[in-house]
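Report on the structure given below.
Both ligands and their constituent atoms are indexed starting at 1 by order of listing.
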Amino acid sequence: MITFLSGGTGTPKLIRGARRHLPDTGISVVVNTAEDLWISGGHLSPDIDTLLYLFSGILNTGTWWGIQGDTFRTHDELLRLGIDEYIGIGDQDRAIQIARGDLLNSGHTLTGATRILSGRLGIAAQVLPMTDQQVATLIRTGGRVIHYQEYWVKHRGSIPIEEVIRYAPTGPQATTEVLSAIEASDMVIIGPSNPVTSILPILECEGIVPALMDAFVIAVSPFIGDAPVSGPAGALMRARGLSPDSRSCEILYHDLIDLFVQDIRDPVDVPGSLKLDTLMTGEEQSASLAKVLLASTRS
Ligand code: GDP
């Protein structure tokens, strides 16, 4: 069994490649839920949805969110009715969010709801929310606090970040399913996801760090030089007082990992790192990277 810690873009790209070498029954994914949001009556869990759509073969791999060929009739109509639905939710995508919202409202945990949806979508991999408790990444900007989705999707990351806040009123604790998956794994891969908004929320769940200390853990950097391959990870690292590069990323994960992988083009010196081609511009590149990672051993 291999367990990935994942956000919604970089690590799913790697998982797509790993599926060439492993059956889905041998894959567990611990997924960030700090970007979740109730919106227009449904429960949006963007990173979980990307994994559900990836494993069920319907993901839009042009954007790494949403469903291939989805339509946006409801979204367009909501905008026409004056509803500020600032995230473009597709019609089929919305059905998943309504179904998840219904399951949560009828008493299921997020883990339970995800298991049910996985079953209905015919998914054999284990898609595991990092926690069943509420967690949100919030951004302080211009003296007010907004949800990370509002910062990234509504404002397209164009406003200054004064502080990154993790809101977790009752926890968060990792679920027993997550801890069991890590314990049962031959290898845990922290994929090239955004450290501040995707991986740290997972590491902050009680129980995760001790579980990882006992596991064989590989991390892949999402940075090349002084910038991420894509997205707002640079600004978020700076807001945490960290430089947006592989060295800072390695320092964040240092105590947990056995091997750190940075891109072959990355000029930043990270002592002891393994340099590989980590640019997953297509499925073949993802599969090649995954093959090398999966062949790694503790020695
Ligand atoms: P999010 O939930 O959409 O923010 O997605 P993730 O956190 O899973 O991934 C975002 C990170 O993936 C960004 O910081 C990118 O730099 C990184 N990323 C995207 N594509 C690649 C790639 O092909 N190679 C590497 N090394 N990193 C990538």
Check for a donor-acceptor pair, side chain of [X] on one end and backbone N or O of [Y] on the other, with a separation under 3.5 Å.
{"X": "N60", "Y": "I67", "answer": "no"}
{"X": "H43", "Y": "D102", "answer": "no"}
{"X": "D214", "Y": "E183", "answer": "no"}
{"X": "D245", "Y": "D226", "answer": "no"}

Quick check for you: to the nearest 0.5 Å, what is the distance between [X] atom [atom1] and [Y] atom [atom2]?
{"X": "I2", "Y": "H21", "atom1": "CD1", "atom2": "NE2", "value": "11.5 Å"}
{"X": "T50", "Y": "K13", "atom1": "OG1", "atom2": "NZ", "value": "11.5 Å"}
{"X": "I199", "Y": "I202", "atom1": "CD1", "atom2": "CD1", "value": "4.5 Å"}
{"X": "E35", "Y": "N194", "atom1": "CD", "atom2": "CG", "value": "7.5 Å"}

Heavy-atom contact under 4.0 Å between L279 and ligand 1? yes

Describe, in one word, how the ring planes of Y151 and Y148 are oriented to each other, choosing from parallel (under 30°), tilted (30 to 60°) and perpendicular (over 60°). tilted

Can you tell me which portion of K13 lies within the under-4.0 Å heavy-atom range of ligand 1? Options are side chain, backbone, both, or neither. side chain

Under 4.0 Å from any heavy atom of [X], which atoms of ligand 1 are there?
{"X": "T278", "answer": "22 (C), 23 (O), 24 (N), 25 (C), 26 (N)"}
{"X": "S221", "answer": "26 (N)"}
{"X": "D47", "answer": "2 (O)"}
{"X": "N194", "answer": "6 (P), 7 (O), 9 (O), 10 (C), 11 (C)"}
{"X": "S230", "answer": "13 (C), 14 (O), 15 (C), 16 (O), 19 (C)"}

In terms of residue, atom name and distance, what is the protein heavy atom nearest to atom 28 (C) of ligand 1? V229 CB, 3.6 Å

Nearest to atom 9 (O) of ligand 1, what protein heavy atom do you find, and at what distance? G10 N, 3.0 Å

Please work out which of [options] has its closest non-hydrogen atom nearest to [atom].
{"atom": "atom 6 (P) of ligand 1", "options": "G191, S193, A227", "answer": "S193"}
{"atom": "atom 4 (O) of ligand 1", "options": "G231, G7, G234, S198", "answer": "S198"}
{"atom": "atom 11 (C) of ligand 1", "options": "P192, P228, C249", "answer": "P192"}

Polar contacts were defined as any N/O atom of the residue lying under 3.5 Å from an N/O atom of the ligand; does this apply to [X] and ligand 1?
{"X": "T9", "answer": "yes"}
{"X": "Y148", "answer": "no"}
{"X": "G8", "answer": "yes"}
{"X": "A233", "answer": "no"}
{"X": "M280", "answer": "yes"}

Within a 6.0 Å radius of atom NZ on K291, are there more than 12 heavy atoms belonging to other residues, nucleotides or ligands? no

Any chance the side chains of T111 and D132 put a donor and an acceptor closer than 3.5 Å? yes

